[in-house]
Amino acid sequence: LVVDDFGIKYVGKEHADHLIDALRKDYSKVEVDWTGGLYCGIKLEWNYEERWVDSWMPDYVQKKLTQYDHPKPKRPQHC
């Protein structure tokens, strides 16, 4: 089984802890982020009081330019 990221909604932390314990019995690398700050490479900043979330993908454009071997422009492009 390979799962990069997934989120769960739970009622009662003991139920979430039970799921995590069950996964850790069979899988050696289980990481938990209780803040919900990272999902599938997307950084998330939650503000529950004001009911908004800010999302961004650090270094995404640079990584894709490198992946596709895109040449650097001769002149700066600010668009």
Side-chain angles (χ1 to χ4, degrees):
L1 173 68
V2 175
V3 177
D4 187 11
D5 290 322
F6 74 93
I8 60 167
K9 184 175 180 178
Y10 60 91
V11 176
K13 187 172 180 297
E14 69 274 10
H15 300 295
D17 288 335
H18 175 75
L19 174 61
I20 293 165
D21 291 340
L23 290 170
R24 285 186 170 148
K25 284 181 183 176
D26 292 325
Y27 305 101
S28 60
K29 191 173 180 182
V30 175
E31 296 178 18
V32 178
D33 172 18
W34 290 103
T35 67
L38 181 64
Y39 182 72
C40 294
I42 301 170
K43 296 275 189 176
L44 302 170
E45 181 183 338
W46 297 91
N47 187 321
Y48 290 103
E49 290 179 11
E50 296 180 19
R51 301 182 70 158
W52 58 261
V53 63
D54 192 8
S55 62
W56 68 98
M57 297 177 73
D59 302 321
Y60 177 79
V61 172
Q62 188 58 49
K63 288 178 184 176
K64 290 300 170 189
L65 290 172
T66 301
Q67 177 182 351
Y68 295 116
D69 199 25
H70 188 276
K72 187 173 182 176
K74 294 178 183 176
R75 294 180 295 156
Q77 296 179 354
H78 305 287
C79 56

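Only heavy atoms go into these numbers, but all of them, side chains included; no hydrogens, no water, no symmetry mates. Note that the numbering runs from 1 along the sequence shown for the chain.
Counting all heavy atoms, side chain and backbone alike, L38 lies closest to D33 at N-OD2, 3.3 Å. The shortest heavy-atom contact between H15 and V11 is CD2-O, 2.8 Å. Closest of all the heavy-atom pairs between P58 and G41 is CD-O, 4.3 Å. Taking all atoms of both residues into account, the shortest heavy-atom contact from I8 to A16 is CD1-CB, 4.3 Å. Shortest non-hydrogen contact noted between I42 and M57 is CG1-CG, 3.9 Å.
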**Report entry** Verdict with supporting geometry, H18 and L23, side chain to side chain contact (heavy atoms under 4.5 Å, CB included)
**Finding:** CA-CA 9 Å; H18 175 75; L23 290 170; over 6 Å; no
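F6 meets the ring-ring contact (aromatic ring centres under 6.0 Å, His included) test with no other residue; sequence neighbours excluded.
Sequence neighbours left out, the pairs with a member in residues 40-61 that pass ring-ring contact (aromatic ring centres under 6.0 Å, His included) are W46-Y48.
Put simply, NE2 on H70 and CD on Q62 are 11.0 Å apart, with the number rounded to the nearest 0.5 Å.
No more than 12 heavy-atom neighbours from other residues, nucleotides or ligands sit within 6.0 angstrom of CD on E31.
By the 4.5 Å heavy-atom criterion applied to side chains, K64 and D59 are not counted as neighbours. When side chains are defined from C-beta on, S55 does not count as touching K43, because their heavy atoms never get closer than 4.5 Å.
Ion pairing of D17 with K13 is present here, as a side-chain N (NZ or NE/NH1/NH2) and a carboxylate O approach within less than 4.0 Å.
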